[in-house]
Structure formats: structure tokens, C-alpha cells
Amino acid sequence: MEFSNSLIHWYLQNKRDLPWRNTTNPYPIWLSEIMLQQTRVAQGLPYFLSFTDAFPTIFDLANADEEQVLKLWQGLGYYSRARNLHATAKQIAFELNGEFPPSYKELLKLKGVGEYTAAAIASFSYNEPVAVLDGNVFRVLSRYFNVDSDISLPKTKTEFQQLAQEVLDKKNPAVFNQAIMEFGALQCVPKNPDCNSCVLNSSCAALQHKKVSELPVKSKKTKVTNRYLNYLILKDSDSNYIVQKREGKGIWENLYEFPLLETDFLLSEKDAIDQISKMQFYNQKPSEILILQNEITLHKLSHQHLHIRFFELRFASKLPDSKPFTAIEKLPFPIVIHNFMVSNYFNSH
DNA sequence: AAGTCGGGGGA
DNA sequence: TCCCCAGACTT
């Protein structure tokens, strides 16, 4: 109880003023929670503002095209969140009469809503006493109670979920959940937390045992694979371009890209152009092949390092379904391709 | 239980 | 460089 009171007191004095707080409307709360999954507040905030501007209600979101939703999501990453968000909006708008499921248990059934997000919405919107467990809560609890279980193991999640539920202030679940997460984000930070100024420093077990810098324990490390992407910008006689939607599983599902030549290893510039010159596109061969950068762009994802190069392939006639740049720029692209288009290429061509 | 999915920022 | 971020879903 002292833990809870201190956290809430700290929170009321130190909380950030964020647009999804000070409301119990589940729509903006849900929207913010999906956007903030594995995403910092500073990164998600502008997206939240543009979404609530474009889609003031869940009906507006439900009636939008997926392409428009993905375009607004462009650059935020983890695009399955946007696809699930849109699918869930349609379900709530058209099957549930626009009303969000009324409890943690029912919220959990929504696409894209897991244990954390269901608890967040249920507590913030309905004041239901269910504890949230996110990266912040793992860190705060592991330190305050000096728990060195490996948080990458599923059974540890169960252990912490139980602990979080025990310390939850059942009379103020909304404020408590906000408080413990905000405390983790601002005070009990991953590296070099300022324990001298911490309101919990007299009762923090990790601090007493000098274990703060070692907690939480997390073993799992994702290994990174290298991929080599050669994007072929097909430009036809009308100065129109070919783009295609990425289908199936893998990164960037349902986003657009240029025709892609992916290789298992890095080709020299000469070998790449050699290989491209042997390819046919709509029964035509390019009249000219240009490389558009001197340097290969290294785009780092958490689990893949993408080595990206752009070529321009000029054609002497029209290509089917080619589009002008003004049409292309309205489509959702991976941010690395979008950045290339706006900064390096289409501005000067 | 392990793998996949993005992008950015802080130390 | 490495690690983490208001995690969820698939295999």
C-alpha cells in the first residue's frame, strides 16, 4: 500500500500531459495503446494526432480504406497493428453497434488486443481492477522486489502478472496502472536511473542489494539476418512508374514497393546491372539501366539488416498499369523507400 | 517456447 | 554498438 501510495503521489506531480489521458472514451485509449505497443510516446504521439484528426470516431476509421489507414501509419512500423486496428474498428462499428466490449475478458478477444492492451483499456476506460504488465512494469517490479527471473520466459510473465495484480491499487486501478508505467518511463529508466531522487529509494530491494543495474534479467537476443534488396524503378515513356503491393507474410505486408530483385549476397554494381539487363518486364527490356546511388542504404530492423540499392530502368514505350508520381506518393510505402523517393530521387527527376 | 514483425532514440 | 520501447501473433 505504501508502494501504491508513493507511486500515485509521484505520478500526480510528475505525469506528462498526453492527449489520451483525461478521457475514459475507449476509442482514443484503444488507439493510443495499439500505437504505443513497443513504441515510445514521442514516436507515437504525432501519429495519434493525425489519426484522431482523420478519424474522430471509430465509425470514421471503420469506413476508411485499409490503404488510407496504412498511409497514416507509414513509418510507425509493425504494420500488422494497423491492419488489425482497421479490422477491429470495422467489427466494433458494424457488428457491435460502435460499442467497445465492456470488460477485460471481452476486450481480449479483439484482434491486436493482448493481455497488456486489454488491461490498459479496461482499467483506463472502465476502472476495472486488472493490472497492466508492460516493459515498464517488468522493470519497476523486478527492481523494487529484487526479482531476478528471466523476463523473456513465459512462466516469468505469469509470475510478474501475479505480482502486479497483488500490488495493484484495487480502488484506483486506472491511476495506479498509469502511475507505475509512467514511473518506469521517467524515473526507473533502463540505464543509469537516478536512485538518489527516487521516492521509493528507501524501500527498493534492488537498490539495497546493489542490483539495480542488473535488473530486469532478460536473456533472449534476436539474431539478425542480412538481406540484399535491389529495387528496380521502371520508368516508361510517359515518365510513369511501376509499383506493386507486397503480398503474403513477411515484412511490410500490404505496403507498396518497386519491383524487387532480392539476392542472397551482395552483388557488385556490374554484376547487378548484368543480371538486370537479362530480365524481361512485360515482354520488354529496358533501354537503359542506371544506378541511383553511390552508397548502399543500410536499413536496420530489429531482426533484419536490409542492404538496399535503387536502379532506374528506362523503357522506350508505355508499361501497363504504370502510375505518375502524384499517384504513387499517395500509397503507403516502407519508410526507407519513402525517404528515398522524397529526398533522393523524384524531386530531381 | 521460439520466431516474426519496424523504426527510432539514448547511452 | 547495443538495448529498449505503454506487445501481439504465428509456428
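Heavy atoms only: backbone and side chains are in, while hydrogens, waters and symmetry mates are out. Numbers restart at 1 for each chain; the letters A, B, ... are given by sequence-line order, proteins then strands.
Although no hydrogens or angles enter the test, the distance criterion places a donor-acceptor pair under 3.5 Å between the side chain of A/Gln161 and the main chain of A/Ala131. Under a 3.5 Å cut-off, the side chain of A/Asn25 and the backbone N or O of A/Tyr27 do form a donor-acceptor pair. A donor-acceptor pair is defined here as one N or O able to donate and one able to accept, closer than 3.5 Å; such a pair exists between the side chain of A/Arg81 and the backbone of A/Ile34.
For the contact set between residues 142-151 of chain A and DNA chain B, defined by any heavy atom under 4.0 Å, there are no members. For the segment residues 99-120 of chain A, the set of residues with a heavy atom within less than 4.0 Å of an atom of DNA chain B is empty. The stretch residues 172-192 of chain A touches DNA chain B through A/Lys191, A/Asn192, each having a heavy atom within less than 4.0 Å of the strand. Shown for residues 38-46 of chain A: residues whose heavy atoms fall under 4.0 angstrom of DNA chain B, namely A/Gln38, A/Thr39, A/Arg40, A/Gln43.
The salt bridge (Lys or Arg N to Asp or Glu O under 4.0 Å) pairs that include a residue from residues 107-131 of chain A are A/Glu106-A/Lys109, A/Glu115-A/Lys157, where partners are two or more places apart or lie in different chains. Under the salt bridge (Lys or Arg N to Asp or Glu O under 4.0 Å) criterion, no residue pair touches residues 139-154 of chain A, with sequence neighbours excluded.
At the heavy-atom level, A/Leu76 lies under 4.0 Å from base atoms of the strands shown. Across all strands, A/Ser302 comes closer than 4.0 Å to base atoms (heavy-atom distances). Nucleic acid contact for A/Trp20: base, since at least one base atom lies under 4.0 Å from a heavy atom of the residue. As judged by a 4.0 angstrom heavy-atom cut-off over every strand, A/Arg21 is placed among the base-contacting residues.
Within the 4.0 Å cut-off from OP1 or OP2 of B/dG7, at least one side-chain nitrogen or oxygen of A/Trp252 is found. When the side-chain nitrogen and oxygen atoms of A/His299 are compared with OP1 and OP2 of B/dG7, one or more of them lie within a distance under 4.0 Å. A sub-4.0 Å separation between OP1 or OP2 of B/dT4 and a side-chain N or O of A/Tyr78 is absent. Neither OP1 nor OP2 of B/dG3 sits under 4.0 Å from any side-chain N or O of A/Lys223.
With sequence neighbours excluded, the residues forming a side-chain hydrogen bond (donor to acceptor under 3.5 Å, both in side chains) with A/Gln304 are A/Arg227, listed by chain and number. The ring-ring contact (aromatic ring centres under 6.0 Å, His included) test applied to A/Trp20 returns A/Phe48, not counting sequence neighbours. By the side-chain hydrogen bond (donor to acceptor under 3.5 Å, both in side chains) test, A/Asn226 is found to be paired with A/His307, residues two or more places apart in sequence or in another chain being considered.
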Under 3.5 Å, sequence neighbours excluded: what are the donor-acceptor pairs made by side chains of residues 269-281 of chain A?
unit_1	atom_1	unit_2	atom_2	d
A/Asp271	OD2	A/Ser268	OG	3.4
A/Ser277	OG	A/Ile273	O	3.3
A/Ser277	OG	A/Asp274	O	2.6

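Of the two residues near DNA chain B, A/Tyr79 and A/Lys220, the one whose nearest nucleotide lies more 5' is A/Lys220.
For the C1' atom pair drawn from B/dG6 and C/dC3, the interatomic distance equals 15 Å after rounding to whole Å. Taking atom C1' in both B/dG3 and C/dA6, the straight-line distance is 23 Å, to the nearest Å. Taking the P atoms as reference points, C/dA8 lies 23 Å from B/dG9, given to the whole Å.
Ion pairing of A/Asp236 with A/Lys318 is absent here, as no side-chain N (NZ or NE/NH1/NH2) approaches a carboxylate O to less than 4.0 Å. A salt bridge links A/Glu182 with A/Arg16: the closest approach of a Lys/Arg side-chain nitrogen to an acidic carboxylate oxygen falls below 4.0 angstrom.
No more than 12 heavy atoms of other residues, nucleotides or ligands shown are found within 6.0 angstrom of NE2 on A/His9.
The cluster map of Ile, Leu, Val, Met, Phe, Trp and Tyr, joined by side-chain heavy atoms under 4.5 Å apart, puts A/Val243 and A/Phe311 in different clusters.
Residue A/Phe183 forms a ring pair (Phe, Tyr, Trp, His ring centres under 6.0 Å) with just one option from A/Tyr11, A/Trp10, A/Phe176, A/Phe3, and that option is A/Trp10. Applying ring pair (Phe, Tyr, Trp, His ring centres under 6.0 Å) to A/Trp73 and the options A/Phe333, A/Tyr47, A/Phe51, A/Trp252 leaves one that passes, A/Phe51.
Atom NZ of A/Lys300 and atom C1' of C/dC3 are 12 Å apart (whole Å). Nucleotide B/dC5 holds its C1' atom 13 Å from the CH2 atom of A/Trp73, rounded to whole Å. As rounded to whole Å, 13 Å separates atom P of B/dG8 from atom CG of A/Leu298. Across the protein-nucleic acid pair, A/Asn136 atom CG and C/dC3 atom P stand 18 Å apart, rounded to whole Å. Here C/dC9 presents its P atom at 12 Å from CZ of A/Arg81, a figure rounded to the nearest Å. In this structure, A/Lys249 atom NZ and C/dA8 atom C1' are separated by 14 Å, rounded to whole Å. Whole-Å rounding puts the A/Gln74 CD to B/dG7 C1' distance at 12 Å. Between A/His338 atom NE2 and B/dG7 atom C1' the separation is 15 Å, expressed in whole Å.
One side chain, A/Gln74 or A/Lys71, offers a donor N or O that lies under 3.5 Å from an acceptor on the other. Defined by atom type and a distance below 3.5 Å, a donor-acceptor pair is missing between the side-chain atoms of A/Asp53 and A/Ser50.
Picking from C/dA6, B/dA2, B/dT4 the nucleotide with the shortest atom distance to the side chain of A/Leu36 gives C/dA6. With C/dA6, C/dC9, B/dC5 as the choices, the nucleotide that has an atom nearest any side-chain atom of A/Leu18 turns out to be C/dA6. Nearest to the side chain of A/His303, among C/dA6, B/dG7, B/dC5, sits B/dC5. With B/dA1, C/dG7, C/dC9 as the candidates, the nucleotide lying closest to the side chain of A/Pro154 is B/dA1.
A/Tyr104 shares a hydrophobic cluster with A/Leu108, A/Val130; the chain of contacts runs through ILVMFWY side chains whose heavy atoms sit under 4.5 Å apart.
In DNA chain B, runs of at least 3 consecutive Watson-Crick or G-U pairs, each pair with both distances below 3.5 Å, span B:1-5 with C:7-11, B:7-11 with C:1-5.
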